[in-house]
2 protein chains.
Amino acid sequence: MSTRKSVGRAPGRATIGDVAEAAGVSKATVSRFLNHRERLLSPDIAARVEAAVAKLQYSPSPMAQALSRGRSRLIGLVVADVSNPFSVAVLRGAEKACQEAGYLLMLFNLGNEGSREREAIDALVRYQVDGFILNTLGRGASAVDADTLHGKPAVLVDRRHPGMRADFVSLDNGEAMQTVCAHLVAGGFTELLYISEPSKGVSSRRERIAAFGDCAKAQGANVAAQVFESHDDADPQAHEELDGALKALKRRAGRGRRAAVVAGNSVVTLRVAAAMTRLGWQFGQELGFVGFDDTEWASLIGSGLSTMAQPTDAIGHAAATCLIERLRGFEGPPRQLLLPGQLLVRGSSVAAKG
Amino acid sequence: MSTRKSVGRAPGRATIGDVAEAAGVSKATVSRFLNHRERLLSPDIAARVEAAVAKLQYSPSPMAQALSRGRSRLIGLVVADVSNPFSVAVLRGAEKACQEAGYLLMLFNLGNEGSREREAIDALVRYQVDGFILNTLGRGASAVDADTLHGKPAVLVDRRHPGMRADFVSLDNGEAMQTVCAHLVAGGFTELLYISEPSKGVSSRRERIAAFGDCAKAQGANVAAQVFESHDDADPQAHEELDGALKALKRRAGRGRRAAVVAGNSVVTLRVAAAMTRLGWQFGQELGFVGFDDTEWASLIGSGLSTMAQPTDAIGHAAATCLIERLRGFEGPPRQLLLPGQLLVRGSSVAAKG
DNA sequence: TTGTATGCGTTATCAT
DNA sequence: ATGATAACGCATACAA
């Protein structure tokens, strides 16, 4: 019968007007039935509306709602690099929490081009996202300041943005590093090398480097700790330098002192593992090893790579939850959620020295 | 001065009305300047509008545009499992192509719950996405039929949906499998075992299994091929069964005949690698190995895992491009893009038999 | 070439 | 308790 009035545009989906017509009431009534269910509804009218909604399979258009209400139930997720397993894992947790709360995720990948950070935010702002989950560099000129966000709440994941008032969710880097170092030292590894990606400006990298230094210091004069910043494979000398650092580390071992490397994340772990292959060395033999970020393949390399597993799902979930709380009206000072990691001991940090 | 008229809602961003006012023209003129730049514009008015746009940093609200036009410049991406590296890799390529074309991605992860496929599509449809990129099971009751899509175009990635008229982008499974088998046979591996995830209904798995059979057959009676379907770790007997299959395979080797396993994707590769560790075997020794999907860690397992690398970036890019062409009005029958894989030979398929 | 008026699907403010 | 009606920000058919 009643073919849709609005012939021009969106085909198919029923509108609130259709429901109103079918129920013999006004659009306002339908809207109220949907939104303010609790008060103001006469039983029979409610029933009629409900029937019409069911019959027409009506569900409101979020776009129109967004336009009218000012909020979209959309969350912008911008990620420095989707290729990074950590980011994906977080993404996964966040997306789940969002789904549960009825939010949808708009994804923007920076592909490690930090310069596009503002571009990403702007695009997302245009789409009226209600808030942001940011896992970006957060450094340099392109770093997002509070007002690029146009007042929308944001939660930072893993990487702080200097001076931005926002919730922050991350691994408890200090505690985690302490666990790692204590484990290594307890295993007789006293010559330690921490290998990180270039730290410039990335808070989590800086924090781990600092924590590494503190831990070593706390262990007393007996342990010697150094830091090496490993570069991209784009850098032609990256391999040489890394191999060199590893060789130097091995030289420090001897007369009862064992040497181990601590990798700052799974990307570094990969590079170190490749270097070990180049050198023909085995983890747990020439050098001990513990790496941040657990991966599915960690147990398959040699006798297994010990890792400090980040609670990635929890981090993602917490981030989304944090943000959604804000969206629901929670006010209050920026919060910090530092989640504990879990040390997974495998062969690389226990095997006897060769 | 002129504080925004619309006090109630969205704070901050300038609207087309503001620009019109600032330029001393009507909203329609501004709209035309923005959309139909080519025709209908008097030089001085255009200049004034342009100035006003620049001054107010105006950029149109995609939500409002979507409401008015019926299209949103949004693309819905639904993925069976973001944890799957293949999916992420595709996602990455797709997101890039979308960004380049000015589209944004709305992400929905199924977390391997195929039952939520419709739910995902529905949510996305509500948000007026212009089209879909689907990398889902595409099987069973929840499988998406053409009209769940409400007429929106879709492109299927890696997995076909039976009976759905849609573009399809995937690895050329037949060719790839042929390459793999030929390589193995050339290396003297004549006892072949193909290990797949449970094939039920997933087209890519079925295709590869079929292709494997065909290849073996084409090689003549000299090569013996079998297929094993490996189950989730959720299945308590999964390990035993897999280990058993591997042992049986090894038994087939001997008197000059070498045995090799072909893994259907990186998930299977992981399982097989774990099994090898359990059995204390080495790839390239007891058994040869080639796995579909290249991973960053493939070169680090033992003497390196040979892999059939999928052109994931290209697949994602092609999928998005395909879809965007449709959105730009391209009509025509469903297309099929079968992209070639690349065999990466490492130790697992060349080392001498132990 | 430009302006006016209307519609897109909702919500919300006012009456009633 | 319910119904007109005006936003929301934009595009467009129609007038001028």
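Labels below follow one simple rule: chain letters A, B, ... track the order of the sequence lines, proteins then strands, and each chain is numbered from 1.
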Should Gln65(B) be listed as having a side-chain N or O under 4.0 Å from OP1 or OP2 of dC10(D)? no
Listed in order of residue number, which residues of residues 22-31 of chain B have a non-hydrogen atom at under 4.0 Å from DNA chain D? Lys27(B), Ala28(B), Ser31(B)
Tell me which residues in residues 43-57 of chain B lie within less than 4.0 Å of DNA chain C, going by non-hydrogen atoms. Ile45(B)
Considering just the side-chain nitrogens and oxygens of His36(B), establish if one lies under 4.0 Å of OP1 or OP2 belonging to dA11(D). no
salt_bridge(Asp167(B), Arg326(B)) N-O dist < 4.0 Å: yes
Could you tell me whether the side chain of Ser68(B) has a donor or acceptor atom within less than 3.5 Å of a complementary atom in the base of dG9(D)? no
With the side chain of Leu67(B) defined as its heavy atoms from C-beta on, choose the nearest nucleotide among dG9(C), dC10(D), dT10(C). dG9(C)
Provide, to the nearest angstrom, the distance between the CZ atom belonging to Arg73(A) and the C1' atom belonging to dT10(C). 15 Å
Please collect all salt bridge (Lys or Arg N to Asp or Glu O under 4.0 Å) contacts where either partner lies in residues 56-67 of chain A, sequence neighbours excluded, each pair once. none
Distance only, no hydrogens: is a donor on one side chain within 3.5 Å (strictly under) of an acceptor on the other, for Ser59(A) and Arg13(A)? yes
Calculate the interatomic distance between Arg32(B) atom CZ and dT1(C) atom C1'; express it in whole Å. 8 Å
Taking any heavy-atom pair under 4.0 Å as a contact, classify Phe33(B): base, sugar-phosphate, or nothing. nothing
Taking only the side-chain heavy atoms of Ser42(A) (C-beta and beyond), determine which of dT2(D), dT1(C), dG9(D) contains the nearest atom. dT2(D)
